[in-house]
> 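My questions will all concern the structure given below.
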Amino acid sequence: MTAAAVNDIEFRSVSKRYGEVLAVSGIDVAVPKGAFVALLGPSGCGKTTCLRMIGGFEQPSEGTVLIDGQPMNGVPPYRRPVNMVFQHYALFPHLDVEANVSYGLRQRRPRIERREVAKRTAQALELVRLGGFAKRRVHEMSGGQQQRVALARAIVNRPAVLLLDEPLAALDRKLRTAMQIELQSLQRELGITFLLVTHDQEEALSMSDYVCVMNAGQIVQMAPPQEVYDRPRTLFVADFVGKTNRLSGTVEAGGTTLRLGDGRALPVVAQTPGAVTAVLRPEAIRLDRGECSERMDALGGTVTHRIFLGNAVEYAVAIDGLGEMLVTADRSAARDPAEPGERVNLSFKPESLLVFPA
Amino acid sequence: MATRAGTRHRFVTAALAAPAALWMLVFLVLPFVAMLVFAFGRRAPEGGYLPGFTFEQFLNLPARAAAFGNTLMLAPAGALLCLLVAYPVAYYLAVKAAPRHRLVLVSLIVVPFWTSLLVRTYAWMYILGSRGLPNLLSTIGLPDLRMLNTPGAVLVGIVYGYLPLMIMPIYVSLEKLDRRLLDASADLGARPVSTFLGITLPLSLPGVMTGVALVTILLLGEYLIPQLLGGGKVFFIGNALVDLFLQSRNWPFGSAIAVTLVLVVVVVLTVAMRIAWRFAGTRRVDLV
Amino acid sequence: MSKLPEKPISAEALTAQFMRLKRGSVSRRHFLGVTGLGLATAVLGRTGSFSLEAHAQDLGSQMSLATWPNYHDPASFEAFTAKTGVAVEVNVFGSNEEMLAKLQAGGTGWDLFVPTNYTISTYAKLKLIDPLDLSKLPNYSAKTETARFTQEGVIDGQTYAVPKNWGTTGMAINTDKLKTPVTSWKDFFELAQTEADGRAMVHDYQLTTIGSALVSLGYKFNSVDPAELAKAEELLVKVKPHLFAINSDYQPAMRATDAWMTMCWTNDGAQLNRDMPEIAFVLGKDGGEIWSDFYAIPSSAANKAAGYALLDFLMTPENAVKEHIANGAPTTDSRVLALLPTEVTSNKIVYPDEAALTPLEFGAAVTLTDPARAEVMARFKAA
Ligand SMILES: Nc1ncnc2c1ncn2[C@@H]1O[C@H](COP(=O)(O)OP(=O)(O)O)[C@@H](O)[C@H]1O
Ligand SMILES: [Mg+2]
């Protein structure tokens, strides 16, 4: 296989067991070169374990991890062309910022010339905008700065793949948003593959080219963010990547009508008939003030709560005979917002109803 | 109001510090002052102390130069040897041993400390005596070796006796070591040896320095092990002190030696710490 | 290669050694002083307090004795406690120098102690002991004592101390290991550098080690002459690299045959010879030490009444016989001698021929306080 591999990282039927616990269960996945991939899933689903198997800190119980087309079985961490930004950074407390960042370069054999090390270290620090901090002790730095030292320490080595384990989890919201943008532009600038682990769906959706959703040691869906959000493969994905309203019912013969429990019929895009759970995103619903029509697909109800979100307004609406639904409306669309207690009428396009077999 | 609170705060601090201060005064400062006074006096004809002011005792110090020499050689050598044995043990306990076995293993190291060092050193007299190891070795054809009552035997005794004191601080500092730092180092391309030298060792230096300082200081006053395993032929400054106070009753000379020993300890420690810091690089390691 | 089965240390031997240590019976004098273990104490039985004699209340309930390790029959103290209700705390010491150091420092709490002959004049001079009130010692019999061993307890006609037993300082030789006969201290120091290279021991004790070295050079045992001391120091420093040890605790090394030859006190010599007949006890024909140990009461004693009571109890011939059998040192009292079994009195180690004793000298007071001897010893040890 002399031809350059297409995929930087590939998992072939990889499982990992810790005693009784099956942390990762038969994963097959490929991370294309130069992509920004987010590994998203709830806490404990096996994300870190996957990353550690790539880094070489854990060996798969079964299967093979390939980096750049090469099987990595038994290859120790220090011989793998990947670098990791650790959860909580794991900066060396006894070294200053510069020594932390140059650490990887100083491990190279044959040795890299001292001046070259200094130059590349300075460049990396510039890249993460820590130019003047070379001589600082790491514990004298703020959380955000430490985060960037950790980044610089990894990218200075020009790894084929940069692994990031919840790199932004410890930062406050504003800093996190700023870092998300920085990470994205950094990835573009460097052109190397980023594999970022997070349990924050917003982070995953906003930054990555691909989102890889994990649940209970398995990969449920890997697709671009838009697709994961709009066409989740399972109910779990739909729930995990955004807010949902759930409706239970039956798709009738013909496959274009969803009959709800109370007899209401809603139009759907062609489905296999049978019992289903349908999911409707709050922002896919249109809210009109006034009494509802008599049509069978109409959802009439009363506003129970109104939550102001800054750029949007979220309503909780008690649907007659169905229970509560969440509706998100643009502020522009709601210049004249409905008041709690007011009668409203909800509607949506058939294609925005996501249907999963129950 | 602020001053009242401040006064009270100061009072509380003083009250809390008082027992420690008193302890220091009674058990450290006063004896040292007494020693200082004695050191400038003269020996009474039948032994003891005659008041006076003379430098005669200090001028006589060269008479114990050999004891000082032995001590200043063997104490650091013993501490270093102790370190070489203790470090791998501490490393194994803190890093390699399964956490659930750790407590048992640590106890195994500490428990012998509960019996008297004398009894354990006596056991070594047998092991190194001609019916012990030398006899065992001669059965496999080695020539008759004299082990007991040699400087080597003293070193063995020192290493054995002081090992737990060296292991414990190193163990504690290694146990505190964040394992992710080792992963991070390997991730950055460091081989295990480089990780050990670049991360593990420097981060355990506070423990190493504590252990070396502790053992060296205690060894500077050691007299039991040289007496028992050196056969009285390996003479430490501690042995000289015991002889001067308990045999020839030359308190002034003994005091002069003790004062000098204290000064030597202070100097040795200061120099050792400087060297250790330099070894740890310009970036100083936080003690504690 | 030897007849003696040289097996590695057995469990029993090790246990026995520990027990020895526990009892504080590691052999006499200097060793304990140097190791600082002379502080080991034991309070012996408080039993029998219900069967007190009439005078018991004057004696208090406790007293303190300073003595040598392995030097008494523990049953003696139990019997004394049963008789009087006074518990005896026993403090053991390693050397006369150490006892003197303790008494000089003050606050010992001793009510009775066991100094050696040559130290008594110094104690009296320093007023650390008072003359004894012999009326309180009805069982002491001056006329049955051997004058040679009592004389140093009497100063200016006043009795300051009464003898416990006497002894000699000779050489113990393992005759299986050493074929050259040893009859003098001159032989001892020569053999130490040749046939017994690495196998000889000298005491960690200025009196006997310097004294014997002086004797081997033809000088007096107690010399403080600077030129003679310099010669003795020269000899000792020359011998030192060939020695097995400088240690007054020579029994273990001799028993383990780590050492083949040592300076040795009578009672240790008798014990070694009893257990290992190949170990001979020899007195130097060129000289050496003869000594006697005494009982005295410190002037600082808090419970002098009990001190007198215990002393009188130990002076009773029946009790003194038990003490003799326990520690093995010869008696100074003809009443006691008469009660001893013949296998004890005929033992030439314990009771040598008078001719063998002729060249021996008693230690002199001057050696105890002379700084020059202390320094010679210190330089020898540090060399
Ligand atoms: N070293 C380990 N020993 C035992 N169990 C582990 C170990 N590491 C992780 N696990 C278990 O494996 C599962 C996955 O853990 P992890 O990969 O850390 O999850 P995530 O990073 O997605 O939160 C969890 O149930 C966790 O308890
Ligand atoms: Mg994790």
Side-chain angles (χ1 to χ4, degrees), chain B residues 43-49 60 63-70 115-116 118-119 121-123 125-136 138-139 144 146-150 223-224 227-240 242-251 253, chain C residues 1 6-10 13-14 17-18 20-22 26 30-31 33-38 94-98 100-102 104-105 122 125-126 198-199 201-202 204-206 240-241 243-249 252-253 256-259 368-371 373-375 377-379 381-383:
Chain B
R43 181 185 190 267
E46 284 83 22
Y49 164 72
N60 197 22
R64 294 296 183 278
F68 269 109
N70 271 341
T115 59
S116 131
L118 177 76
V119 172
T121 306
Y122 243 91
M125 286 177 69
Y126 274 101
I127 295 170
L128 300 176
S130 57
R131 288 190 179 178
L133 261 183
N135 187 47
L136 226 75
S138 69
T139 57
D144 193 15
R146 255 275 313 288
M147 293 184 176
L148 191 58
N149 298 352
T150 58
Y223 64 92
L224 186 67
Q227 174 64 26
L228 293 183
L229 297 177
K233 292 165 64 191
V234 182
F235 202 66
F236 273 29
I237 207 69
N239 303 82
V242 169
D243 276 6
L244 281 167
F245 280 100
L246 291 183
Q247 303 295 338
S248 48
R249 304 171 313 289
N250 193 342
W251 297 1
F253 190 33
Chain C
M1 285 289 145
E6 287 201 354
K7 52 176 196 277
I9 172 69
S10 68
L14 202 63
Q17 191 57 36
F18 287 170
R20 251 162 74 77
L21 276 163
K22 265 198 156 144
V26 188
H30 207 96
F31 165 68
V34 165
T35 54
L37 292 167
S95 72
N96 278 291
E97 279 77 358
E98 192 185 346
L100 175 56
K102 280 270 145 67
Q104 274 183 309
T122 304
K125 183 177 162 208
L126 295 173
R199 301 292 185 176
M201 290 178 76
V202 300
D204 186 359
Y205 185 30
Q206 64 83 13
K240 186 181 174 185
L243 291 176
F244 175 69
I246 304 166
N247 196 332
S248 308
D249 184 29
T257 67
D258 276 331
L368 180 66
T369 50
D370 182 46
R373 288 199 49 140
E375 275 306 291
M377 192 64 194
R379 283 197 296 269
K381 285 167 74 179

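Naming: A, B, ... by sequence-line order, numbering from 1 per chain.
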> Taking Phe235(B)'s backbone N and O only, do any of them form a donor-acceptor pair with Asn70(B)'s side chain (distance below 3.5 Å, no angle check)?
yes

> Just by modelled atom types, is the Phe236(B) backbone N or O under 3.5 Å from a matching donor or acceptor in the Asn239(B) side chain?
yes

> For chain B, find which of Pro241(C), Ala374(C), Ala382(C), Ala383(C) contributes the most heavy-atom pairs closer than 4.5 angstrom.
Ala382(C)

> If we ignore hydrogens and angles and just use 3.5 Å, is the side chain of Asp204(C) paired with the main-chain N or O of Ser248(C) as donor and acceptor?
no

> Is there a donor-acceptor contact under 3.5 Å linking the side chains of Glu46(B) and Gln104(C)?
no

> At a 4.5 Å cut-off on heavy atoms, which part of Ala105(C) comes close to chain B: side chain, backbone, both, or neither?
both

> I need the residue from Pro371(C), Ala378(C), Ala245(C) with the largest number of non-hydrogen atom pairs under 4.5 Å to chain B.
Ala245(C)

> Looking at Glu375(C), Arg379(C), Met201(C), Met377(C), which makes the most heavy-atom pairs under 4.5 Å with chain B?
Glu375(C)

> Where on Tyr49(B) is there a heavy atom nearer than 4.5 Å to chain C: the side chain, the backbone, both, or neither?
neither

> Under 3.5 Å, side chain of Lys240(C) to main-chain N/O of Lys381(C), donor-acceptor pair present?
yes

